[in-house]
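What you are looking at is a predicted structure, and each value in this text was computed from that prediction instead of being measured. What's counted below: heavy atoms across the whole structure, side chains too, no hydrogens, waters or symmetry copies.
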Amino acid sequence: MLNRLKILFSNAPLDLNQFKAPISMMSSTKTEIATFAAGCFWGVEHIFLKHFPPAQHRGILRTWVGYTGGKANVDNPDYRSVCSGTTGHAEAVKIEFDPEVVGFDQLVEFFYRTHDPTSVNRQGPDVGTQYRSAIFFHTPEQKHIAERVTREVQTKHFTPHNLHIMTQIVEAGPWYDAEEYHQLYLFKHPSGYQCPTHKLHW
């Protein structure tokens, strides 16, 4: 956490348009939302956008990092309160995507490829409930797909190594955008902290 609380601002210019699909595309597309938690949200957002760049029309239209899955009596949590572990929120990424270009099943499989889903409340050196692995489904269909892909990934990639996926699959609840400086953090700060588990594992 201390590493992540170092310098949070930079004067380096960044073209934010490359991380959002053209307005004309978004206005003509029936979109869906996917929400994932897989440790530090900086790295989760970063790896999704690197492999599904919106400007290249690969299905992801835009992303947000934020907080979800917390205690019902906690509204508008901030970064420090979530890092304390007292609010119950997970650091998460919300993805708006075009299901005609990339399916929810593809995003779920990519989610599993890019972190360690076998650890509980931990990714690399980041420890706490805010770093848990979770899929927050928005529809019954998403729930069914997440469960199916989880079984497939378990059988193919983890059972042979006697490992077990510990990812939570839970209904999406209230979402709170993280502070602006967290959005696209690793694009603004390429040398910033990145959890070592956020890479392609297969």
Side-chain angles (χ1 to χ4, degrees), residues 1-9 33-50 63-95 107-108 110-138 142-143 146-147 150 153-154 157-158 161 163-201:
M1 176 177 166
L2 291 177
N3 288 335
R4 303 176 61 202
L5 290 175
K6 290 181 179 179
I7 300 172
L8 291 173
F9 297 94
I33 296 293
T35 304
F36 302 113
C40 172
F41 51 19
W42 295 346
V44 181
E45 179 182 54
H46 187 251
I47 199 165
F48 266 102
L49 289 177
K50 278 177 60 181
T63 61
W64 301 261
V65 296
Y67 315 114
T68 193
K71 298 176 181 177
N73 63 341
V74 178
D75 293 323
N76 298 312
D78 61 17
Y79 182 61
R80 288 186 179 275
S81 64
V82 171
C83 282
S84 74
T86 60
T87 73
H89 290 85
E91 291 192 15
V93 176
K94 183 168 66 171
I95 299 170
L107 295 178
V108 172
F110 186 78
F111 158 82
Y112 280 123
R113 289 182 67 193
T114 55
H115 77 294
D116 176 11
T118 68
S119 59
V120 177
N121 298 332
R122 178 172 191 158
Q123 287 298 308
D126 299 325
V127 180
T129 56
Q130 68 271 31
Y131 301 120
R132 64 190 181 270
S133 175
I135 300 170
F136 297 93
F137 62 85
H138 293 266
Q142 283 194 355
K143 179 177 185 288
E147 292 173 340
T150 299
V153 169
Q154 172 66 51
H157 297 285
F158 294 103
H161 303 286
L163 296 171
H164 301 281
I165 290 174
M166 305 303 292
T167 300
Q168 299 175 356
I169 300 175
V170 294
E171 186 173 7
W175 169 272
Y176 304 96
D177 284 349
E179 296 83 345
E180 181 58 31
Y181 59 77
H182 290 297
Q183 309 299 329
L184 301 172
Y185 181 85
L186 284 173
F187 293 98
K188 298 172 183 174
H189 308 273
S191 61
Y193 170 80
Q194 186 164 3
C195 176
T197 67
H198 293 149
K199 61 184 179 181
L200 296 181
H201 290 267

(message) For F137, give me all partners under ring-ring contact (aromatic ring centres under 6.0 Å, His included), at least two apart in sequence or on another chain.
(response) none
(request) Sequence neighbours left out, what passes ring-ring contact (aromatic ring centres under 6.0 Å, His included) with F110? Give chain and number order. (result)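 Applying ring-ring contact (aromatic ring centres under 6.0 Å, His included) to F110 gives F48, H51, F52.
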(request) Using the six-membered ring wherever Trp is involved, compare the ring planes of F36 and F111 and label them parallel, tilted or perpendicular (cut-offs 30° and 60°). (result)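 Ring orientation of F36 relative to F111: parallel.
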(request) Please work out which of the three classes, parallel, tilted or perpendicular, describes the rings of F41 and H182, given edges at 30° and 60°. (result) tilted
Does any non-hydrogen side-chain atom of [Y] lie less than 4.5 Å from one of [X]?
X	Y	result
R122	Y131	no
H198	T114	no
V65	E91	no
H89	Q130	no

Separation of [Y] [atom2] from [X] [atom1] (nearest 0.5 Å):
X	Y	atom1	atom2	answer
W42	D126	CH2	CG	9.5 Å
C40	H46	SG	NE2	11.5 Å
L163	D116	CG	CG	8.0 Å
H157	T118	NE2	OG1	13.5 Å

List for me each residue that meets side chain to side chain donor-acceptor pair (under 3.5 Å) alongside [X], sequence neighbours excluded, and say none if there are none.
X	value
E171	none
H115	S133
D177	W175
K143	E147

For the student: nearest non-hydrogen atoms of [X] and [Y], plus distance:
X	Y	value
T35	H138	OG1-NE2, 2.7 Å
G173	T68	O-OG1, 4.0 Å
E45	L184	OE1-N, 2.8 Å

Holding to side chain to side chain contact (heavy atoms under 4.5 Å, CB included), I want the full list of residues that pass it with [X], two or more places apart in sequence or in another chain.
X	answer
K71	N73, V74
I165	Y112, P117, T150, V153, Q154, F158, T167
A90	A37, R132, F136
T86	S84

(message) Please check this pair: side chain of Q123 against backbone of C195, looking for a donor-acceptor N/O pair closer than 3.5 Å.
(response)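 No, the answer is negative, given that no donor and acceptor are paired below the 3.5 Å cut-off.
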(message) Taking A34's backbone N and O only, do any of them form a donor-acceptor pair with Q142's side chain (distance below 3.5 Å, no angle check)?
(response) no
(request) Just do the side-chain contact (heavy atoms from CB on, under 4.5 Å) check on Y176 and V82 with the steps written out, would you? (result) CA-CA 11 Å; Y176 304 96; V82 171; over 6 Å; no
(request) For the pair W64 and K94, evaluate side-chain contact (heavy atoms from CB on, under 4.5 Å) and give the outcome as yes or no after the intermediate values. (result) CA-CA 5 Å; W64 301 261; K94 183 168 66 171; 3.6 Å; yes
(request) Compute whether any side-chain donor of one residue and acceptor of the other, for N76 and Y67, lie under 3.5 angstrom apart. (result) no
(message) Is there a side-chain contact (heavy atoms from CB on, under 4.5 Å) between I135 and Q168? Walk through the geometry before answering.
(response) CA-CA 6 Å; I135 300 170; Q168 299 175 356; over 6 Å; no
(message) Let's go through V127 and N121 carefully: what are the C-alpha distance in whole Å and the side-chain angles of both, what is the deciding distance for side-chain contact (heavy atoms from CB on, under 4.5 Å) to 0.1 Å, and is it a yes or a no?
(response) CA-CA 6 Å; V127 180; N121 298 332; 5.8 Å; no
